[in-house]
Amino acid sequence: MHPRMAHAGLVENATNIGEQMYGWACDLFPICRSITGAGVRETLRYLQELLPAMKVFEVPSGTKVLDWTVPDEWNIHDASIADEDGTRIVDFRENNLHLVGYSEPVSAEMTLEELQPHLHSLPSMPDAIPYVTSYYERRWGFCLSQRLRDTLRPGKYRVLIDSTLAPGSLSYGELILAGEEEREVLLSTYICHPSMANNELSGPVVTAALVRWLQSLRHLRYTWRVIFVPETIGSIAYLSEHLDVMKRNTVAGYVVTCVGDDRSYSFLESRRGNTLADSVTRHVIKHYYPGCVTYDFLERGSDERQYCSPGVDLPVVSLMRSKYGTYPEYHTSLDNLSLISPQGLAGAFGALQKCISLIEANATYRTVCLGEPQLARRGLYPTLSKRDSGLEGRTMKNILAYADGERDLISLADRIGVSAETCVPIIERLLQERLLERVE
């Protein structure tokens, strides 16, 4: 068992799923992740304990992936800035955000004036450590709070970065849940940020919980492709290998990110804006999350940039809690375990679960008989006609009226003004009575 697996047991009671996911996030939070390296592999090993069917793949450094090249692998062992007395005043061991990601190795003594160009802080957020990276250009640097930076005095400082940048590989995880159909749905989340909670760990832990739920179902219509990748370069590397089959088979998809806080819900549309994932998510938020903020694809920022790009054009959206870039703690040390909550994680899990269920249930139906069928003799309508007797069967009649072989479940439910969840059991009864037939 992975040494961090303090919270890995399966929770059967759905009311406890938020606590379960929060526990996983607590286990994973200390790991220093980047787009390559030991931290990514440790995270994937943890996730494999939760999802034993997941396979881990390695893409060698130098591999050409679409317009990009997989960079050298980076690993970090220690980093610090010490004063003349040897006191570590900036210490990677205390917070892994203190180091600029992908910093090259350094062992040097320098003045404060020489050190300052390598320091990063946020004057507008004096207590926050910013998150800074430099993946594709060699440099080094440290991140610290503005409050700490203001205390630095002229003098000599000892700078240590014990890192390696060398040929290695990029790691990612993949899990395929086979359904009745070859057509598939994508769930993609990323595993490349160090100790941040909403904009990192919320995605993998909610995705893991969704996979465990999908695995518990007795029937899956679609095949589910689930990947845990480093953001940007990881999704590009994955597309480089799997684009043909994904373009052929993908009917919907979600980038699962920023799903841990309990402030709001956010929906980012696909580039086309008219995919199955778009219509499903719009329907779900209309009926269950009316305060959800909808964002145009122009406000994109995660791996939907790759999945929806011209020539790729996968039907991928994001349904989030507070969207990346919109909350003040984003990309700082304040995006910590106090920002997310079991309730926030459970809320996102429930919202995505509704979307997944609707994707699985969505189909197109056609009314079989000419004219309105006689529902009463089938026990589907009251036999005593009163002023309000028609209200009980109105939804059923509306389904029959609009099941014309052209509208799918979502557009039918939208047209008659009820949730698709309300329609599903009614449609099942009408199918049993052979008053409807499934077209697709």
Side-chain angles (χ1 to χ4, degrees), residues 1-5 8-10 21 24 27-28 31 33-66 68 70-71 73 75 167-193 200-201 203-217 220 222-257 303 306-307 314 316 352 356:
M1 178 176 288
H2 190 283
R4 295 187 186 272
M5 297 296 290
L10 177 63
M21 292 185 291
W24 300 341
D27 289 345
L28 290 166
I31 300 173
R33 286 164 290 273
S34 186
I35 58 173
T36 63
V40 178
R41 296 190 188 97
E42 184 178 0
T43 300
L44 288 170
R45 284 194 297 272
Y46 183 99
L47 292 168
Q48 280 185 306
E49 295 279 354
L50 302 177
L51 309 172
M54 185 179 80
K55 297 179 180 179
V56 174
F57 297 88
E58 303 286 340
V59 184
S61 301
T63 302
K64 181 75 171 177
V65 288
L66 303 183
W68 296 59
V70 175
E73 181 176 322
N75 284 290
S169 60
L170 175 152
S171 312
Y172 70 83
E174 177 197 67
L175 189 147
I176 306 294
L177 300 177
E180 287 186 350
E181 300 185 18
E182 286 188 0
R183 293 188 298 172
E184 61 188 42
V185 183
L186 172 69
L187 296 179
S188 176
T189 191
Y190 51 80
I191 49 167
C192 57
H193 293 68
E200 172 65 3
L201 293 175
V205 301
V206 168
T207 301
L210 289 169
V211 170
R212 283 158 68 116
W213 166 67
L214 284 166
Q215 289 173 321
S216 74
L217 302 179
L220 288 175
Y222 292 115
T223 293
W224 289 78
R225 181 182 297 269
V226 186
I227 58 175
F228 298 82
V229 295
E231 195 174 25
T232 306
I233 187 64
S235 57
I236 288 172
Y238 193 85
L239 285 172
S240 180
E241 178 70 21
H242 301 91
L243 180 57
D244 289 344
V245 67
M246 293 174 76
K247 286 191 69 171
R248 184 169 62 249
N249 292 337
T250 305
V251 299
Y254 288 86
V255 172
V256 185
T257 177
D303 281 331
Q306 319 311 328
Y307 301 131
L314 297 180
V316 173
L352 287 163
I356 289 170

| said: Counting only heavy atoms not in E181 (residues, nucleotides, ligands), do more than 12 fall under 6.0 Å from its CD? | reply: yes
| query | Going through the checks in order, is the salt bridge (charged side-chain N to carboxylate O under 4.0 Å, His left out) test met by R225 and E174? | reply | CA-CA 7 Å; R225 181 182 297 269; E174 177 197 67; 3.6 Å; yes
Any heavy-atom pair between the side chains of [Y] and [X] that's under 4.5 Å?
| X | Y | answer |
| --- | --- | --- |
| V56 | R41 | no |
| W224 | I356 | yes |
| Y222 | R183 | yes |
| V206 | M21 | yes |
| N249 | T223 | no |
| M54 | L44 | yes |
| I35 | P71 | yes |
| T43 | L47 | yes |

Distance check, rounded to the nearest 0.5 Å: [X] atom [atom1] versus [Y] atom [atom2]?
| X | Y | atom1 | atom2 | result |
| --- | --- | --- | --- | --- |
| W213 | L352 | CH2 | CG | 10.0 Å |
| K55 | L175 | NZ | CG | 9.5 Å |
| E241 | L66 | CD | CG | 11.0 Å |
| E180 | L220 | CD | CG | 9.0 Å |
| E184 | L177 | CD | CG | 11.0 Å |

Shortest non-hydrogen separation from [X] to [Y] and the atoms involved:
| X | Y | result |
| --- | --- | --- |
| A208 | L51 | O-CD2, 3.8 Å |
| S169 | S61 | N-OG, 3.7 Å |
| R33 | V40 | CG-N, 4.3 Å |
| E73 | T36 | CA-OG1, 3.3 Å |
| W24 | A209 | CZ3-N, 3.8 Å |

State whether the side chain of [X] and the backbone N or O of [Y] hold a donor-acceptor pair below 3.5 Å, judged by distance alone.
| X | Y | answer |
| --- | --- | --- |
| N75 | G37 | no |
| S240 | I236 | no |
| T63 | P60 | yes |

Under 3.5 Å, sequence neighbours excluded: what are the donor-acceptor pairs made by side chains of residues 185-193?
{"unit_1": "S188", "atom_1": "OG", "unit_2": "Y307", "atom_2": "OH", "d": "2.7"}
{"unit_1": "T189", "atom_1": "OG1", "unit_2": "V256", "atom_2": "O", "d": "2.8"}
{"unit_1": "Y190", "atom_1": "OH", "unit_2": "N199", "atom_2": "OD1", "d": "2.5"}
{"unit_1": "Y190", "atom_1": "OH", "unit_2": "T257", "atom_2": "OG1", "d": "2.4"}
{"unit_1": "H193", "atom_1": "ND1", "unit_2": "E200", "atom_2": "OE1", "d": "3.0"}
{"unit_1": "H193", "atom_1": "NE2", "unit_2": "N199", "atom_2": "ND2", "d": "3.4"}

| task | Indicate, with yes or no, if the rings of Y172 and Y238 have centres closer together than 6.0 Å. | result | yes
| request: Using the side chain to side chain contact (heavy atoms under 4.5 Å, CB included) rule, take W68 and T232 through it: C-alpha gap first, then chi angles, then the decisive distance, then the call. | output: CA-CA 10 Å; W68 296 59; T232 306; 3.9 Å; yes
| query | For Q306 and S235, does a side-chain donor sit closer than 3.5 Å to a side-chain acceptor? | reply | no
